[in-house]
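Computed from a predicted model, the values in this text were never measured in an experiment.
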Amino acid sequence: MQIKAEEISQIIKDQIGEYETKVDLNETGTVISVGDGIARVYGVQNCMAMELLEFPGSVMGLALNLEEDNVGCAILGDVVGIKEGDIVKRTGRIAEVPVGPEMLGRVVDGIGQPIDGQGPISAENSSKIEVLAPGVIARKGVHEPMYTGSKAVDAMTPVGRGQRELIIGDRQIGKTALCVDAILAQKETDVYCIYVAVGQKKSTVALVVEALRKHGAMEYTTVVSACASDPAAMQYIAPFAGCAMGEYFRDNGQHALIIYDDLSKQAVSYRELSLLLRRPPGREAFPGDIFFNHSRLLERASKLNDELGAGSLTALPIIETQAGDVSAFIPTNVISITDGQVYLEPNLFFSGVRPAINVGLSVSRVGGAAQVKAMKQVAGTLRLDLAQYRELAAFAAFGSDLDAATQAQLTRGERLVEILKQPQYQPLPMEKQVTILYAGTKGFLDQLPVNTLADYEAQLYDYIESNDASIFSDLKEEQVFTDAIKEKLDKALKSFGETFKATKGLN
């Protein structure tokens with residue numbers, strides 16, 4: 001049987017035609033509908049979950065819903081240029097961000113693109129934004145302190161490297177301020193910082209960046225910003241992107257601190273995406289996997305064992321409560337995931353106690369393991385003294401005649417509350433913290449008026465530095481109150497106390 005040339009060419013044409021159709025359906029697709037930052041795409045049959053898809057105009061989309069007949073995709077950018085019938089291409093890349101030391105000092109968006117006007121970032125490495133958290137065997141117990149520079153936190157709710165300590169409270173009572181101070185406190189250390197701003201105003205983020213730059217902290221910090229005006233998808237993935245940047249340091253045997261400001265806004269953006277993708281709603285209309293969303297993010301903060309380089313990633317997530325309601329859905333979820341919380345209270349803030357930390361409701365589940373011995377020696381009695389003071393202060397408000405012992409406890413408690421106050425952007429190193437706390441718990445301040453204690457503290461540090469600087473250097477080195485250090489410190493506190501009283505005319 002003879003085959004004609006026309007038939008051969010026809011068979012080849014048919015084969016080529018079918019081949020193009022197959023490739024077309026597997027690797028590209030078309031937009032069925034688009035709106036509210038969500039596109040439905042027909043085709044892209046080989047698409048993977050969390051894969052980046054390319055829309056016209058180089059706008060990227062994140063494949064979130066893989067359904068039988070279409071893919072639900074969150075647009076990571078401007079949705080205006082995308083319309084029904086547009087061609088969508090697979091990139092074959094699971095969502096990733098650039099990581100490495102090149103990111104330090106930069107302000108980037110939720111997908112790692114620079115938004116600070118300082119040109120492109122030439123990062124050699126990139127990392128997937130979603131990776132598994134280290135397993136139990138890969139971890140080590142938290143045992144090294146991560147100083148926040150805040151006396152109240154470092155003494156009573158200490159944070160260790162690899163820990164997750166929640167900062168929780170109502171709006172505008174100093175949650176961000178506490179975390180920015182924690183970044184400033186890492187200036188002389190080997191800790192790199194990542195600040196993730198989710199759903200904040202652009203002006204607020206600009207102020208934080210300016211504060212970090214002014215205090216010389218931007219050189220070891222990366223700011224990931226997904227502002228309130230950015231798409232919900234960007235606000236959802238920004239914490240994961242920031243976490244990937246922090247993990248680079250952890251996995252290379254270094255130390256990193258990440259601040260999520262704040263996860264309640266990320267939860268709201270995830271709820272928005274889920275409802276638009278027609279996922280079934282649960283309590284408060286949040287999707288069923290909202291707990292998993294936060295737990296898989298926060299579990300990535302860890303201290304690795306020595307075989308893996310002993311690196312650490314410490315997380316300080318922030319949660320905003322409504323009218324102090326810590327029993328709402330998202331706050332209780334995150335409290336159950338983290339290793340403790342610092343609760344900031346509006347009443348304390350407005351009465352002038354700043355940072356407004358409620359010592360009774362704040363807790364660190366790592367506790368003394370994240371403290372050096374010198375801090376344990378002064379903080380042990382501090383917590384007890386404050387607890388007794390709170391009880392007595394409530395009682396003393398009703399009673400008029402108080403015995404000498406009660407009066408002494410009230411006097412001590414009042415002064416301890418005063419020395420735990422701290423101005424913004426002034427984090428203190430461990431040796432200065434234990435010095436003032438030692439002075440407070442050992443009764444060196446009991447004879448001084450409360451309103452002079454701020455001056456006393458500032459002048460005390462100057463006095464010790466100029467007269468006996470070895471006290472600070474010994475404390476830093478030994479990290480414990482030896483008899484020799486105690487003797488020197490007692491002597492310095494006595495002589496300075498007399499000088500201070502004389503200058504203030506208190507004798």
Side-chain angles (χ1 to χ4, degrees), residues 97 103-118 121 146-150 153 159 165-189 191-230 234-243 245-246 249 256-266 268-269 297 301 313-320 342 344 349 354-357 422-428:
V97 287
M103 304 300 288
L104 297 172
R106 302 302 300 266
V107 183
V108 298
D109 64 9
I111 48 173
Q113 300 303 312
I115 52 172
D116 53 6
Q118 293 180 25
I121 297 172
M146 158 73 69
Y147 293 113
T148 63
S150 167
V153 174
V159 180
E165 182 82 2
L166 172 66
I167 313 291
I168 185 167
D170 284 9
R171 62 184 297 278
Q172 293 290 315
I173 55 162
K175 300 187 298 296
T176 301
L178 194 65
C179 291
V180 169
D181 282 354
I183 293 178
L184 301 185
Q186 311 312 319
K187 192 166 186 179
E188 305 296 325
T189 67
V191 178
Y192 298 98
C193 302
I194 295 99
Y195 175 80
V196 183
V198 180
Q200 307 288 332
K201 291 181 292 189
K202 285 187 175 170
S203 57
T204 309
V205 180
L207 286 171
V208 170
V209 172
E210 189 48 46
L212 293 174
R213 194 162 276 139
K214 185 178 163 192
H215 293 90
M218 270 312 276
E219 55 205 54
Y220 55 85
T221 306
T222 305
V223 176
V224 182
S225 168
C227 299
S229 56
D230 289 334
M234 284 290 221
Q235 293 181 47
Y236 163 58
I237 67 167
F240 293 98
C243 191
M245 293 171 198
F249 298 110
L257 167 68
I258 184 161
I259 284 142
Y260 303 111
D261 190 4
D262 63 67
L263 289 186
S264 23
K265 291 195 180 73
Q266 191 232 8
V268 167
S269 63
L297 171 68
L313 175 61
T314 311
L316 294 179
I318 294 176
I319 287 286
E320 188 180 291
V342 173
L344 301 178
F349 183 82
R354 298 174 188 182
I357 296 169
Q422 202 167 333
Q424 199 177 347
Y425 307 135
Q426 291 181 26
L428 290 174

Participant: Passes side chain to side chain contact (heavy atoms under 4.5 Å, CB included), Tyr220 versus Ile183? Steps please.
Facilitator: CA-CA 9 Å; Tyr220 55 85; Ile183 293 178; 4.1 Å; yes

Participant: Is the backbone N or O of Met218 less than 3.5 Å from a side-chain atom of Arg213, with the two atoms forming a donor-acceptor pair by type?
Facilitator: no

Participant: I want to check something: taking the side chain as every heavy atom from C-beta on, are Leu178 and Thr148 in contact at a cut-off of under 4.5 Å?
Facilitator: no

Participant: Would you say Asp109's side chain and Gln113's backbone share a donor-acceptor pair under 3.5 angstrom?
Facilitator: yes

Participant: Main chain of Gln186, side chain of Thr189: is a donor-acceptor contact present, judged purely on distance under 3.5 Å?
Facilitator: yes

Participant: Does Asp181 use its side chain to pair, donor to acceptor, with the backbone of Leu184 at less than 3.5 Å?
Facilitator: no

Participant: I'd like to know whether Asp262 forms a side chain to side chain contact (heavy atoms under 4.5 Å, CB included) with Ile319, so could you lay out the CA-CA distance, the side-chain angles of the two residues, the decisive distance to 0.1 Å, and finally the verdict.
Facilitator: CA-CA 6 Å; Asp262 63 67; Ile319 287 286; 5.8 Å; no

Participant: Taking all non-hydrogen atoms of both residues, which atom of Phe349 and which atom of Gly174 are closest, and how far apart?
Facilitator: CE1-N, 4.5 Å

Participant: Around Glu188, counting heavy atoms of other residues, nucleotides and ligands shown, do more than 12 lie under 6.0 Å from its CD?
Facilitator: no

Participant: Can you list the steps and then say if Thr314 with Ile258 is a side chain to side chain contact (heavy atoms under 4.5 Å, CB included)?
Facilitator: CA-CA 6 Å; Thr314 311; Ile258 184 161; over 6 Å; no

Participant: Has the side chain of Thr221 got a donor or acceptor atom that lies under 3.5 Å from a matching backbone atom of Ile194?
Facilitator: no

Participant: Looking only at heavy atoms, what is the nearest atom pair of Met234 and Ala226, with distance?
Facilitator: O-CB, 3.6 Å

Participant: Taking all non-hydrogen atoms of both residues, which atom of Gly110 and which atom of Ala241 are closest, and how far apart?
Facilitator: O-CB, 3.2 Å

Participant: So, Tyr195 versus Asp261: side-chain donor-acceptor pair below 3.5 Å or not?
Facilitator: yes

Participant: Might you point out which heavy atoms bring Val224 and Ala238 nearest each other, and give the distance in Å?
Facilitator: CG1-O, 4.0 Å

Participant: Between Asp170, Ile167, Ile318, Ile168, which is the residue that forms a side-chain contact (heavy atoms from CB on, under 4.5 Å) with Leu344?
Facilitator: Ile167

Participant: Please name the pair of heavy atoms, one in Pro239 and one in Tyr260, separated by the smallest distance, quoted to 0.1 Å.
Facilitator: O-CE2, 3.5 Å

Participant: To the nearest 0.5 Å, tell me how far Leu297 CG sits from Leu263 CG.
Facilitator: 6.0 Å

Participant: Should Val108 and Met245 be marked as a side chain to side chain contact (heavy atoms under 4.5 Å, CB included) after you check the CA-CA gap, both sets of side-chain angles, and the distance that decides it?
Facilitator: CA-CA 11 Å; Val108 298; Met245 293 171 198; 3.9 Å; yes

Participant: Please check this pair: side chain of Gln235 against backbone of Asp230, looking for a donor-acceptor N/O pair closer than 3.5 Å.
Facilitator: yes

Participant: Say whether, by atom type as modelled, one donor and one acceptor occur between the side chain of Gln422 and the main chain of Gly149 under 3.5 angstrom.
Facilitator: yes

Participant: Testing the basics here: between Phe240 and Gln266, what is the closest heavy-atom pair and its distance to 0.1 Å?
Facilitator: CE1-NE2, 3.4 Å

Participant: To the closest 0.5 Å, what do you measure between OG (Ser150) and CD (Gln426)?
Facilitator: 12.0 Å

Participant: Centre-to-centre under 6.0 Å for Tyr192 and Phe249, is that the case here?
Facilitator: yes

Participant: How long is the span from the OG1 atom in Thr176 to the CD atom in Gln200, to the nearest 0.5 Å?
Facilitator: 5.5 Å

Participant: With no hydrogens and no angle check, is any side-chain donor or acceptor of Lys265 less than 3.5 Å from a backbone partner on Tyr236?
Facilitator: no

Participant: Should Thr222 and Cys193 count as side-chain neighbours, where that means a heavy-atom distance under 4.5 Å?
Facilitator: no

